[in-house]
K.L.:
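The structure follows.
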Amino acid sequence: MSLEQLEALLLVQERDIALDQLRHRREALPERAELTARAADLRTQDATRADVRERHRVVLAEERRIDDEARAIGERADDANEKLYSGTIQSPRELQAMQADIEMLRRRRSDLEDEELEVMEQREALDAELSALDGSIDALWARVTELQSTIASAEAEIDGEIGREQQERAVLAQPIVESLLRDYERRRAQNRGAGAARLVGSTCQACHLTIPSTEAEHIRRAAGAEIAYCDNCAAILVP
Ligand SMILES: [Zn+2]
């Protein structure tokens, strides 16, 4: 081992820190949180729309049923009225009974028409609700699509930076012997980020704790000929 290799280790670590930050930035893109929220809104509104559509279907069927019935009763009244004035019925009692029937049918039709009007108002309110939901769902879809494309381009940009950092790291790691590089990587993984640390005086710059000054002096004199580790955080110490 040599001091140059230990120095290279610190440079590799700088690139590794930059890579961690890039990966974190990729994961924590603010658009991701908004996308999750908008997608949830979309699911909720889709479910609401399905529910409103079902209510609309029921009310519309009721409206049609009442309309058909009113129409049929109206036709019956018209037929009876025609018969009443056709002169085919002579008996005054029969004529009177028929007139009463016609009045009854017309009242029934008028009641049905009132009922139909009420149901129509309900249906129109549901029409408005559906059209508002359609608008809102369309807008949500547009936002979701926009967010997906923003995320995709941010990812592509970050991936490009990650690629460049990795290339730089590979170049910096070239002079380091494989066993030392693996040792550093293992320590870095176990130590939440610090695989190697500069030794300043008797202070490790990774954990900022001190080692005995005689030990620090020994490490400085060895000048990379042997590998030393911080007693506290286990980072490879670079004199
Ligand atoms: Zn340390």
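Just follow the structure's listing: the first ligand is 1, and inside any ligand the first atom is 1. These numbers were taken from a predicted model, which means no experiment stands behind them. These numbers come from the heavy atoms of this one structure, side chains and all, not from hydrogens, waters or symmetry mates.
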K.L.:
Should we say atom NE2 of His218 is surrounded by more than 12 heavy atoms from elsewhere, each under 6.0 Å from it?
P.N.:
no
K.L.:
Is there a chain of hydrophobic side chains (I, L, V, M, F, W, Y, each step under 4.5 Å between heavy atoms) that links Ile227 to Leu10?
P.N.:
yes
K.L.:
Considering the Zn ion (ligand 1), could you give the total of protein N/O/S atoms lying closer than 2.8 Å?
P.N.:
4
K.L.:
If you look only at pairs with a residue in residues 162-178, which of them pass as a salt bridge (charged side-chain N to carboxylate O under 4.0 Å, His left out), with sequence neighbours excluded?
P.N.:
Arg15-Glu165, Arg15-Glu168, Asp16-Arg169, Arg169-Glu185, Glu178-Arg182
K.L.:
Going by salt bridge (charged side-chain N to carboxylate O under 4.0 Å, His left out), name the pairs with one or both residues in residues 142-151, residues two or more places apart or in two chains.
P.N.:
Glu34-Arg143, Arg143-Glu146
K.L.:
Filter on side-chain hydrogen bond (donor to acceptor under 3.5 Å, both in side chains), then keep only pairs touching residues 82-98, sequence neighbours left out; what's left?
P.N.:
Ser86-Thr88
K.L.:
Any carboxylate oxygen within less than 4.0 angstrom of a Lys/Arg side-chain nitrogen, looking at Arg32 and Glu155?
P.N.:
yes
